[in-house]
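Note on naming: letters A, B, ... go to the chains in the order of the sequence lines (proteins, then strands), and numbering restarts at 1 for each one.
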Amino acid sequence: MESTLTKWLLGIWTALVIVFLFVPIAIIVIYAFNPSNIQSWPIPGLSLQWFPAAWHNREIRQALWLSIKAALLATTISVVLGTAAAFAVHRFRFFGRDAVSFIVVLPIALPGVLTGIALNSFFGFWHVGLSYWTIVIGHATFCIVIVYNNVIARLRRISGSLREASMDLGADAFSTFRRITLPMLSTALISGGLLAFALSLDEVIVTTFTAGAQNTLPLWIFGAIRLGQRLPEVNVVVTVVMLATLVPVILAYRLMNRAPADTGK
Amino acid sequence: MRRSTAALDFNPAQRFLRAASSVLWRRPRLAATALLAPPMLWFVLIYLAALGILFLSAFWTVDDFTGEIVHRWTLVNFETLATSETYRAIAGRTLGIAALVTLTDIVLAFPCAYFMARIAGPRLRATLFVVMLLPIWLSYIARVYAWRLILAHDGVLNWTLHALGLPAADIGYTNTAMWLVFSYIWLPFMITPIYAAIERVPGSLFEASADLGAKGLRTFTKVTLPLVVPGIIAGSIFTFSLTMGDYITPILIGGPGSSFIGNVVYSNVGIANDIPFAAAFATIPAVVMVLYLAAARRLGAFEMM
């Protein structure tokens with residue numbers, strides 16, 4: 001077994017890694033309050049002036065709205081398709097069952113640029129103009145796996161006996177699904193949906209190739225950083241988006257690990 | 001008042017659902033098909049079809065005059081790639097840094113994952129799990145941008161070094177900066193699968209090893225490490241693939257000579273409008289990843305994802 005020294009060293013290492021992970025995030029948040037528009041350290045004071053400036057920027061608001069709209073639809077599609085795939089893989093034994101779980105993971109296991117250019121050349125081949133819809137298709141494709149993983153993990157933890165009891169008591173498959181399976185699954189669906197939403201809201205690599213001339217929020221941020229323009233507003237936008245994503249993500253983690261028994265009511 | 005859910009439902013919709021569900025219940029194959037068809041059609045008709053067209057287009061060219069794609073079979077894109085020193089260097093840099101980032105993340109992640117799985121109590125473990133994975137969901141581009149602020153000439157790093165009486169480090173816009181930032185960005189993707197792998201090792205194995213007289217290090221190299229390899233491979237799929245397919249970090253953090261395969265693909269799709277050439281270059285990471293995934297699957301890495 002590990003000696004006390006080993007335990008301490010591992011604990012310190014873990015603490016240092018957490019510091020490493022969060023220092024850059026803290027620094028961005030600090031820069032959002034920078035009164036100067038020169039990005040040097042340390043910032044000369046604290047100011048809230050860039051928050052209203054960012055809010056009144058029409059481009060930012062449009063980009064934010066497009067991102068939210070795309071994320072909502074992509075999340076909806078991925079919840080439906082991801083859940084269906086998880087059910088099929090969990091409940092049935094069929095030829096190519098492994099292939100299904102492999103294909104679902106592929107869009108996030110292959111480099112993003114590949115998914116992006118593949119979709120781009122696909123839309124080009126069929127002469128489909130890049131639009132809101134092509135963004136949604138791209139996002140849904142890699143969000144499906146998030147929902148799939150969440151739902152299948154939950155299905156593995158739900159015991160089949162409740163379902164069988166329900167059927168023994170005369171309920172048909174649909175009522176059993178509606179009254180037994182769905183309530184036990186609901187937190188997994190919500191957490192999967194929240195994470196898919198967060199992922200879609202933040203995605204930039206695939207989006208570049210499917211958005212055409214439109215700007216989602218990450219694309220706007222990327223463009224601004226690249227050109228070195230509007231950096232004080234970038235600091236604010238980035239901070240607000242990060243803090244806003246914190247809520248659904250923490251909620252998702254809480255729901256993810258909740259035991260099915262708690263949610264069956 | 002109690003409502004019957006059984007035979008007294010005369011609502012046509014409910015009758016239909018009931019009839020349909022009993023048909024599906026008796027014919028699981030039909031049910032499986034009904035569930036699988038929508039997601040699989042999505043993947044086959046959109047995703048796999050897109051990949052297929054991409055690989056076909058690698059063998060096409062673009063008409064210099066009209067800018068249209070000429071659908072004629074040719075190997076000219078691959079010849080350009082094979083003979084060009086520049087493109088070889090870019091591919092080498094991409095794969096090299098991706099490998100280096102993967103190794104760095106294994107070293108950083110392993111002790112954390114071990115601490116979480118074997119030493120931390122349940123409450124601390126749950127907290128650490130959320131804390132370590134949180135950055136994945138917090139804006140990727142924001143975290144890359146944060147490093148630009150840190151590594152800038154008058155940024156946080158040099159200010160700190162100066163305060164400590166050390167010489168300034170000008171690593172902004174270099175390959176070193178890219179290595180650092182990639183290792184930072186993808187680190188959480190390495191922690192989870194290693195954690196999952198360590199957690200699966202039954203505690204009795206460690207006890208057995210100790211009973212048989214093995215010291216900590218020996219148990220670690222003979223018991224822990226071999227059993228955790230699938231987790232490490234699973235994590236490396238993400239760190240390697242995500243680094244290989246990126247072009248944002250090279251643009252924002254790298255210098256003029258820091259192009260990745262992704263940057264060439266990006267500029268050929270966006271600016272030069274030469275999708276066939278971009279597709280040909282993109283086959284390198286695709287082939288590398290397909291081989292990698294096939295190997296990872298055999299090593300049982302997929303169960304750790």
Measure the CD1-CD1 distance between B:Ile141 and A:Ile225 for me, rounded to the nearest 0.5 Å. 5.0 Å
Greatest number of non-hydrogen atom pairs under 4.5 angstrom with chain B, of A:Ile108, A:Leu199, A:Leu106, falls to A:Leu106
Plane angle bin for A:Phe125 and B:Trp60 - parallel if under 30°, tilted between 30 and 60°, otherwise perpendicular: parallel
Closest-packed option against chain A by number of heavy-atom pairs under 4.5 Å, given B:His153, B:Arg148, B:Met244: B:Arg148
Go through the atoms of B:Thr219 and report whether side chain, backbone, both or neither lie under 4.5 Å from a heavy atom of chain A. neither
Heavy-atom nearest pair, A:Pro111 first then B:Ser241, reads N-OG, 3.1 Å
Most contact-rich option vs chain B, by heavy-atom pairs under 4.5 angstrom, among A:Phe123, A:Phe87, A:Phe102, is A:Phe102
Tell me if the CG atom of A:Leu227 is crowded by more than 12 foreign heavy atoms within 6.0 Å. yes
Portion of B:Ala282 that has a non-hydrogen atom of chain A nearer than 4.5 angstrom: both
Are A:Leu119 and B:Ile46 close enough that some pair of their side-chain heavy atoms sits under 4.5 Å apart? yes
Could you grab the distance from atom CG of A:Leu114 to atom CZ of B:Phe281, nearest 0.5 Å is fine? 13.0 Å
Can you confirm whether A:Trp13 sits close enough to B:Leu108 that some side-chain heavy atom of one is under 4.5 Å from a side-chain heavy atom of the other? yes
My understanding is that only residues two or more places apart in sequence, or in another chain, count here; which of them pass ring pair (Phe, Tyr, Trp, His ring centres under 6.0 Å) with A:Phe142? A:His139
Is it the backbone or the side chain of B:Ile261 that comes under 4.5 Å from a heavy atom of chain A, or both, or neither? neither
B:Trp137: which of A:Val249, A:Leu201, A:Leu246 passes side chain to side chain contact (heavy atoms under 4.5 Å, CB included): A:Val249
What pair of heavy atoms forms the shortest contact from B:Ala32 to A:Ala88, and how long is it? O-CB, 4.3 Å
Of all heavy-atom pairs linking A:Val100 and B:Met40, the shortest is CG1-CE, 3.5 Å
Part of B:Met132 lying under 4.5 Å from any heavy atom of chain A: both
Can you confirm whether B:Tyr145 sits close enough to A:Leu231 that some side-chain heavy atom of one is under 4.5 Å from a side-chain heavy atom of the other? yes
May I ask you to test the B:Leu187-A:Phe20 pair for a side-chain heavy-atom distance under 4.5 Å? yes
Could you report the tightest heavy-atom contact between B:Ala142 and A:Met242, atom names first, then the distance? CB-SD, 4.1 Å
Using a 4.5 Å cut-off on heavy atoms from C-beta on, say whether the side chain of A:Leu81 contacts that of B:Phe43. no
Considering all heavy atoms of both residues, which atom of A:Pro24 and which atom of B:Ala146 are nearest to each other, and what is their separation? O-CB, 3.4 Å
After noting the C-alpha distance and the side-chain angles of A:Trp41 and B:Thr160, does the key distance pass the side chain to side chain contact (heavy atoms under 4.5 Å, CB included) rule? CA-CA 10 Å; A:Trp41 185 264; B:Thr160 313; 5.5 Å; no
B:Tyr114 vs A:Thr14 side-chain heavy atoms within contact, under 4.5 Å: no
Does any non-hydrogen side-chain atom of A:Asn120 lie less than 4.5 Å from one of B:Leu54? no
For a 4.5 angstrom cut-off between non-hydrogen side-chain atoms, does B:Phe115 reach A:Val17? no
Residue set satisfying ring pair (Phe, Tyr, Trp, His ring centres under 6.0 Å) with A:Phe222, at least two apart, ordered chain then number -> none
Which atoms of B:Asp246 approach chain A - backbone, side chain, both or neither, heavy atom under 4.5 Å: both
Please lay out, stage by stage, how A:Thr208 and B:Tyr247 fare under the test side chain to side chain contact (heavy atoms under 4.5 Å, CB included). CA-CA 11 Å; A:Thr208 316; B:Tyr247 61 86; 2.5 Å; yes
Spatial distance of atom CG (B:Leu128) from atom CD1 (A:Ile18) [nearest 0.5 Å]: 5.0 Å
Looking at CD1 of A:Ile221 and OG of B:Ser139, how far apart are the two atoms once the value is rounded to the nearest 0.5 Å? 5.5 Å
Run the side chain to side chain contact (heavy atoms under 4.5 Å, CB included) test on A:Ile117 and B:Asn268 for me, step by step, so that the C-alpha distance in whole Å, both residues' side-chain angles and the decisive distance to 0.1 Å come before the verdict. CA-CA 10 Å; A:Ile117 184 192; B:Asn268 271 291; over 6 Å; no
Does NE2 in B:His71 sit with more than 12 non-hydrogen atoms of other residues, nucleotides or ligands closer than 6.0 Å? yes
Let me know if B:Ile119 has heavy atoms under 4.5 Å from chain A in its side chain, its backbone, both or neither. side chain
